[in-house]
Each structure stands twice: as C-alpha cells, then as structure tokens.
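Heads up, the thing below is written out as structure tokens.
For reference, positions follow the sequence shown, starting with 1.
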Amino acid sequence: MFTKQGPTVRELAVQALSSTERGYDLLAPKFDETPYRTPDRVLDAVTRTVRELGPFDTGLDVCCGTGAGVGVLRQLCRERAVGVDFSAGMLAEARGAFPPGSEGPAVHWVRADARSLPFAPAFDLALSFGAFGHFLPAERFGLFAEVYGSLRPGGQFVFPLGAPPPVGSRAYWSLFGFDAAMRVRNALWRPRFVMYYRTFRLGDVLEDLTQAGFVVRLLPLTELGLRPDGSPRARLVVATREGRGAGGS
C-alpha cells in the first residue's frame with residue numbers, strides 16, 4: 001500500500017496514537033506517498049464535471065491537506081483559490097507545492113478548524129476531498145452550516161461520494177474492521193484520533209445538507225466506473241446555496 005518513500009510502520013503507529021491534528025502534522029511530509037491522498041483519477045473526474053457548473057471566480061478547499069483540492073480549484077477558478085486546514089504540517093507541505101508566483105489564480109492558505117470557518121460569504125465554489133471521516137456524525141451539520149456561510153448566494157459546495165461496498169465483500173469487512181479498531185482505540189486512549197469510513201452515509205449527508213440550507217443534487221461520476229447493477233461507483237454531491245448566480249454569471 002505504501003511506497004518506499006512513505007511512512008514506516010513505526011511512524012504510522014506514532015501517528016495513530018496522537019491526536020488527529022498532531023497525527024497529521026507528523027504524517028504531512030510523507031502524506032502524498034500514502035494511499036490516503038485522493039487519487040488523480042478522482043481529482044480529474046471531479047474537475048471535468050465541476051467545470052460544467054461554472055464559471056467560478058473564487059474557490060475554497062475545505063480541509064485542504066497537502067493541497068490536492070487547491071490544484072483542482074486553480075483549474076476552475078479565475079481569481080482566487082483558498083485552502084483551509086487545521087494542521088500546520090499539512091499546510092506547510094501545501095505551500096511548498098504551490099509557491100508564490102505560480103501561474104493561475106492567486107492561492108492563499110488559512111489555518112483554521114473547518115467547524116469554525118473564519119470567512120464571510122466570499123466563495124463561488126467550495127469542495128472537499130477525503131476529509132469527512134474526521135468529523136463525528138453529530139458534527140456534520142455544523143460543518144455544512146459553516147461551508148454554507150462561506151459561500152455567496154448561488155455558490156456551490158461539491159464533493160465526491162463513493163457507493164458503499166457490497167455487504168460481505170472484502171472491502172466491506174476491511175472498512176468495518178478499521179472503524180471497529182478505531183472505536184476501540186478511542187475508547188481506551190486519549191487524545192482521540194477521529195477517522196471513520198462508515199459514518200458518512202448518503203441519506204444522512206443529504207438530510208444534513210438540506211437542513212443547513214442547501215439545495216442538493218447528485219451527478220454521476222461515470223468515468224470512475226459502474227457497479228454490476230449499472231449504477232455509478234461514485235457520485236458528485238452538488239449542494240447549492242440558493243440565490244443570484246455566482247462567478248459573475
């Protein structure tokens with residue numbers, strides 16, 4: 001699963017016994033060498049689909065990590081892309097990946113907790129990749145409300161969501177086992193490291209987005225493949241803050 005440049009077993013163990021924030025500070029220098037980084041094919045599929053929803057002037061990458069989502073925003077936004085994360089280590093890696101003076105829209109980095117975003121309604125587009133497992137179900141509505149408050153009327157919050165693996169499959173038991181191990185770890189050890197794979201269910205997500213004020217639709221990401229029944233393996237959730245169109249349209 002990991003390249004030779006990735007973290008060692010010992011480094012992963014130290015990370016897993018740290019807080020979520022400290023764990024990512026430790027992992028940051030080698031994060032992009034792990035399978036936790038969002039694959040390029042997912043980033044590319046989202047980019048192509050979201051481009052049809054624009055144009056956009058300003059974009060926000062929520063829980064930006066080392067900046068993969070900011071790379072998407074730089075392809076989609078005309079003026080400014082902002083990455084926000086609570087890990088100083090991850091932000092340091094992101095800054096290194098997008099040095100000042102790079103071509104494209106201006107890039108800014110903000111250290112903040114996504115549960116308390118420090119933005120006025122300033123963005124036409126917000127996105128996030130692979131971060132939602134770090135929020136407990138009770139925190140999800142508040143997170144969505146913070147994103148809603150950061151978008152201009154007409155702004156859109158988008159993120160990919162994969163279909164759950166079939167019950168009884170190897171992937172199902174792998175995710176089940178991981179979440180069970182994390183629950184035991186967090187029951188026995190402090191500080192907690194919050195990371196769960198099976199708590200971000202589509203029905204609950206749609207309900208929380210709607211309660212936060214969004215109008216939601218789903219778009220198939222068909223280039224990421226189909227399930228045996230013909231349904232897409234992944235969908236793009238598009239949550240819109242209703243109002244006048246964004247991005248100068």
Legend entry - Minimal non-hydrogen separation, Arg227 against Pro164, with atom names: NH2-O, 2.8 Å
Inset, instruction - Could you tell me whether a side-chain N or O of Asp179 sits under 3.5 Å from a main-chain N or O of Tyr197, the two making a donor and an acceptor? - result: yes
Legend entry - Any Arg198 side-chain heavy atom under 4.5 Å of Phe178 side chain: no
Legend entry - salt bridge (Lys or Arg N to Asp or Glu O under 4.0 Å) pairs, two or more places apart, involving residues 79-90: none
Inset, instruction - Could you tell me whether the side chain of Tyr36 reaches within less than 4.5 Å of the side chain of Tyr24, counting heavy atoms only? - result: no
Legend entry - Exercise: identify the closest heavy-atom pair between Thr34 and Pro7: CG2-CD, 3.4 Å
Inset, instruction - Identify the two heavy atoms, one from Cys64 and one from Val70, that lie closest to each other, and give their separation to 0.1 Å. - result: CB-CG2, 4.4 Å
Inset, instruction - Output yes when a side-chain donor or acceptor of Asp57 lies under 3.5 Å from a complementary backbone atom of Arg78, and no otherwise. - result: no
Legend entry - Leu236/Val238 under side chain to side chain contact (heavy atoms under 4.5 Å, CB included): CA gap, chis, key distance, verdict: CA-CA 6 Å; Leu236 185 72; Val238 180; 3.8 Å; yes
Inset, instruction - Name all residues meeting the side-chain contact (heavy atoms from CB on, under 4.5 Å) criterion together with Ala112; count only those two or more places apart in sequence or in a different chain, and write none if there are none. - result: Val84, Val110, Pro118
Legend entry - Cluster link Met195 to Phe86, ILVMFWY, side chain under 4.5 Å: no
Legend entry - Side chain to side chain, Leu60 and Leu125, heavy atoms closer than 4.5 Å: no
Inset, instruction - Give the other cluster members for Val14, using side-chain heavy-atom distances under 4.5 Å between Ile, Leu, Val, Met, Phe, Trp and Tyr residues; answer none if it is isolated. - result: Leu26
Inset, instruction - State whether the side chain of Arg235 and the backbone N or O of Ala163 hold a donor-acceptor pair below 3.5 Å, judged by distance alone. - result: no
Legend entry - Glu33 side chain reached by Phe31 side chain, heavy atoms, under 4.5 Å: no
Under 3.5 Å donor-acceptor pairs involving side-chain atoms of residues 210-225, not counting sequence neighbours:
{"residue": "Thr210", "atom": "OG1", "partner": "Leu206", "partner atom": "O", "Å": "2.9"}
{"residue": "Gln211", "atom": "NE2", "partner": "Glu207", "partner atom": "OE2", "Å": "3.4"}
{"residue": "Glu223", "atom": "OE1", "partner": "Arg48", "partner atom": "NE", "Å": "3.2"}
{"residue": "Glu223", "atom": "OE1", "partner": "Arg48", "partner atom": "NH2", "Å": "2.5"}
{"residue": "Glu223", "atom": "OE2", "partner": "Arg48", "partner atom": "NE", "Å": "3.4"}

Inset, instruction - Enter the distance from Leu43:CG to Gln75:CD here, rounded to the nearest 0.5 Å. - result: 9.0 Å
Legend entry - Listed partners of Phe159 passing ring pair (Phe, Tyr, Trp, His ring centres under 6.0 Å), at least two apart: Phe132, Phe157, Phe200
Inset, instruction - Mind running side chain to side chain contact (heavy atoms under 4.5 Å, CB included) on Leu76 and Arg51 for me, showing each step along the way? - result: CA-CA 6 Å; Leu76 297 172; Arg51 182 173 284 118; 3.7 Å; yes
Legend entry - Sequence-distant partners of Ser116, side-chain contact (heavy atoms from CB on, under 4.5 Å), two or more places apart: none
Inset, instruction - Measure the CG-CG distance between Leu161 and Leu202 for me, rounded to the nearest 0.5 Å. - result: 5.5 Å
Legend entry - OG1 on Thr58 to NE2 on His108, rounded to 0.5 Å: 10.5 Å
Inset, instruction - Give me the other members of the hydrophobic cluster that Leu188 sits in, counting Ile, Leu, Val, Met, Phe, Trp and Tyr linked by side-chain heavy atoms under 4.5 Å, directly or via other members. - result: Val184
Inset, instruction - Establish, yes or no, whether a centroid distance under 6.0 Å links the rings of Tyr196 and His134. - result: no
Inset, instruction - In sequence, state the C-alpha distance, the side-chain angles, and the governing distance for Arg241 and Gln156, and then conclude on side chain to side chain contact (heavy atoms under 4.5 Å, CB included). - result: CA-CA 6 Å; Arg241 175 172 177 167; Gln156 298 174 82; over 6 Å; no
Legend entry - Within-4.5 Å side-chain heavy-atom neighbours: Val46 and Phe129: yes
Legend entry - Exercise: identify the closest heavy-atom pair between Gly23 and Ser18: N-CB, 3.8 Å
Legend entry - Chi angles and distances behind the side chain to side chain contact (heavy atoms under 4.5 Å, CB included) call for Leu127, Val72: CA-CA 9 Å; Leu127 51 71; Val72 172; 3.9 Å; yes
Using residues 165-177 as the side-chain source, report each donor-acceptor pair under 3.5 Å to any protein atom, sequence neighbours left out, with the distance given to one decimal.
{"residue": "Ser169", "atom": "OG", "partner": "Pro166", "partner atom": "O", "Å": "2.7"}
{"residue": "Ser169", "atom": "OG", "partner": "Tyr172", "partner atom": "N", "Å": "3.2"}
{"residue": "Trp173", "atom": "NE1", "partner": "Gly168", "partner atom": "O", "Å": "3.4"}

Legend entry - Residue pair Gly69 / Asp61: nearest heavy atoms and the distance that separates them: CA-OD2, 3.2 Å
Legend entry - Heavy-atom pair with the smallest gap, counting every atom of Ala239 and Leu209: CB-CD2, 4.1 Å
Inset, instruction - State which residues pass side-chain contact (heavy atoms from CB on, under 4.5 Å) with Pro39; sequence neighbours excluded, sorted by chain then number. - result: Arg41, Val42
Inset, instruction - For residues 16-29, pull every pair meeting salt bridge (Lys or Arg N to Asp or Glu O under 4.0 Å), keeping only residues two or more places apart or in separate chains. - result: Glu21-Arg111
Legend entry - Ala94: side-chain contact (heavy atoms from CB on, under 4.5 Å) partners, not counting sequence neighbours: Trp109
Distance-only criterion, 3.5 Å: show the donor-acceptor pairs between side-chain atoms of residues 137-150 and protein atoms not counting sequence neighbours.
{"residue": "Glu139", "atom": "OE1", "partner": "Leu136", "partner atom": "N", "Å": "2.8"}
{"residue": "Glu139", "atom": "OE2", "partner": "Arg115", "partner atom": "NH1", "Å": "2.6"}
{"residue": "Arg140", "atom": "NE", "partner": "Asp208", "partner atom": "OD2", "Å": "2.7"}
{"residue": "Arg140", "atom": "NH1", "partner": "Thr199", "partner atom": "O", "Å": "3.0"}
{"residue": "Arg140", "atom": "NH2", "partner": "Asp208", "partner atom": "OD2", "Å": "3.3"}
{"residue": "Glu146", "atom": "OE1", "partner": "Leu117", "partner atom": "N", "Å": "2.8"}
{"residue": "Ser150", "atom": "OG", "partner": "Glu146", "partner atom": "O", "Å": "3.0"}

Inset, instruction - Any chance you could measure Arg95, atom CZ, to Thr66, atom OG1, to the nearest 0.5 Å? - result: 13.0 Å
Legend entry - Approximate separation, where rounding is to 0.5 Å, of Arg192 CZ and Met182 CE: 10.0 Å
